[in-house]
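Right, one structure below, let's go through it.
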2 protein chains.
Amino acid sequence: MQDHELKFKDYLATKGLKLTSPRKHILDAVFDLHEHFNAEELYNRVKSITSDVSIATIYRTIPLLVDAGLVQQALRSSGRDRYEHIYGHPKHIHWLCKACGAIVETDLNTLMGAVREQASLMGFRVQETEISIMGLCWKCIDNEKQI
Amino acid sequence: MQDHELKFKDYLATKGLKLTSPRKHILDAVFDLHEHFNAEELYNRVKSITSDVSIATIYRTIPLLVDAGLVQQALRSSGRDRYEHIYGHPKHIHWLCKACGAIVETDLNTLMGAVREQASLMGFRVQETEISIMGLCWKCIDNEKQI
DNA sequence: CCTTATATTGAGAATCAGTTGCAAACTTAT
DNA sequence: ATAAGTTTGCAACTGATTCTCAATATAAGG
Ligand SMILES: [Mn+2]
Ligand SMILES: [Mn+2]
Ligand SMILES: [Zn+2]
Ligand SMILES: [Zn+2]
């Protein structure tokens with residue numbers, strides 16, 4: 001059994017819930033997917049493996065995965081909530097290019113020092129940070145110059 | 001005429017649009033309101049001054065204000081898009097307490113140095129930054145201790 | 001003023017992501 | 001096997017936002 005499967009099972013146990021087959025398939029799909037995803041994309045991914053799911057169960061399972069610390073919300077895009085798996089991944093910053101839509105991720109560590117400093121100053125206990133920076137990626141800046 | 005009204009009018013002019021009475025009332029309400037607001041809250045605020053608006057016009061005007069650089073999206077909360085006026089305000093970080101829902105704002109400058117450094121390393125041209133930090137405020141940490 | 005072209009508005013209908021009620025199917029513990 | 005509690009798919013629902021459309025308003029030109 002994989003690490004994240006164990007963690008999900010443990011989490012479910014503490015809530016008196018069970019690791020069922022649909023939940024297992026959803027979990028697998030989430031960790032197979034190395035991009036941000038929305039509920040429907042996740043649904044399609046799971047369906048391509050097994051018919052053993054409904055979109056309702058997708059919507060019901062995502063909050064469980066988030067609460068278990070396996071998934072976090074990512075940048076909402078075109079009116080839909082998006083997510084990404086995080087267990088075993090370092091926290092990161094999202095850089096969104098407004099021209100081409102590319103999302104680049106970078107490490108959060110350098111910024112976290114500054115965040116922690118400000119947090120301790122105001123007595124705030126940080127649980128989650130979401131840092132999104134929008135602008136232009138180097139490719140789109142290059143294109144712009146050529147015009 | 002106030003500064004932001006001029007700016008809105010200029011923006012509208014460049015788009016061949018007009019500064020009408022409903023738009024003026026909405027703009028005023030936005031800059032009277034010194035908190036984050038959603039469409040309905042803004043609607044109620046405008047209605048308390050004049051009956052000269054509909055919720056449809058609120059929804060139609062918000063994107064104009066955003067595009068004009070007078071308003072920006074803030075943390076979405078309980079399924080509704082939230083906004084805040086920004087013209088003349090420094091960019092800031094949002095600290096959201098997950099226990100009591102309080103939103104504290106702090107200056108962005110200390111963090112911006114680190115952001116810029118990382119940006120120049122990757123050749124990214126920053127246009128907007130959204131930094132949201134979720135956790136517990138000092139009041140809620142205090143309460144927790146007493147339990 | 002009058003005319004015309006264009007922009008704007010409110011009202012209500014439509015959309016659509018996400019949620020929920022429910023009855024059938026499962027699980028797990030007696 | 002029985003009972004108690006959990007899960008699921010389906011379809012109906014919800015509610016924020018968007019869209020349609022007919023009626024008004026606006027601005028420019030004559
Ligand atoms: Mn990511
Ligand atoms: Mn703010
Ligand atoms: Zn780009
Ligand atoms: Zn608090």
Side-chain angles (χ1 to χ4, degrees), chain A residues 5 8-30 36-68 71-83, chain B residues 5 8-30 36-68 71-83:
Chain A
E5 196 169 319
F8 193 32
K9 201 176 178 184
D10 279 0
Y11 163 81
L12 292 170
T14 67
K15 299 276 176 178
L17 306 177
K18 296 154 195 168
L19 182 53
T20 60
S21 156
R23 285 179 182 157
K24 211 177 301 185
H25 281 123
I26 292 169
L27 179 69
D28 286 346
V30 161
H36 299 185
F37 56 87
N38 63 30
E40 198 187 356
E41 287 159 356
L42 178 55
Y43 175 54
N44 290 332
R45 192 53 105 82
V46 178
K47 251 199 329 192
S48 75
I49 308 289
T50 172
S51 62
D52 186 22
V53 242
S54 72
I55 188 79
T57 298
I58 298 281
Y59 277 113
R60 284 190 277 236
T61 304
I62 288 173
L64 298 177
L65 292 168
V66 170
D67 199 35
V71 163
Q72 75 179 356
Q73 234 178 316
L75 273 182
R76 187 182 165 81
S77 139
S78 46
R80 315 200 53 159
D81 290 342
R82 300 186 73 75
Y83 303 88
Chain B
E5 196 168 317
F8 194 32
K9 201 175 176 183
D10 280 358
Y11 164 81
L12 291 170
T14 67
K15 299 275 175 178
L17 307 177
K18 297 153 192 166
L19 182 52
T20 60
S21 156
R23 285 180 182 156
K24 211 178 299 184
H25 281 123
I26 292 169
L27 179 69
D28 286 348
V30 161
H36 297 185
F37 56 87
N38 62 32
E40 198 186 355
E41 287 159 358
L42 178 55
Y43 175 54
N44 289 331
R45 191 53 105 81
V46 178
K47 251 198 329 191
S48 76
I49 308 289
T50 171
S51 62
D52 186 22
V53 240
S54 72
I55 187 79
T57 298
I58 298 283
Y59 277 111
R60 283 190 279 237
T61 304
I62 288 174
L64 298 177
L65 292 168
V66 170
D67 199 36
V71 163
Q72 75 179 357
Q73 233 179 316
L75 271 183
R76 187 183 165 83
S77 142
S78 45
R80 315 199 53 160
D81 290 341
R82 300 186 72 75
Y83 303 88

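Within every chain, numbering begins at 1; the chains are lettered A, B, ... in the order of the sequence lines, protein sequences first and strands thereafter.
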Strictly under 4.0 angstrom, non-hydrogen atoms only: write out the protein contact profile of nucleotides 3-17 of chain D, one letter per nucleotide from the 5' end, B, S or -. ---SSBBB-----SB

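Distance check, rounded to the nearest 0.5 Å: CG of B/Leu64 to CZ of B/Phe8 gives 5.0 Å.
Looking at B/Glu5 and B/Lys24, their side chains come closer than 4.5 Å, going by heavy atoms from C-beta outward.
When only modelled atom types and interatomic distance are considered, A/Tyr11 and A/Asp67 share a side-chain donor-acceptor pair under 3.5 Å.
The nearest pair of heavy atoms linking A/His36 to A/Glu41 is O-OE1, 4.0 Å.
Nucleotide C/dT9 holds its C1' atom 13 Å from the CG atom of B/Leu64, rounded to whole Å.
Using a distance-only test at 3.5 Å, with no hydrogens or angles considered, no donor-acceptor pair links the side chain of A/Thr50 to the main chain of A/Lys47.
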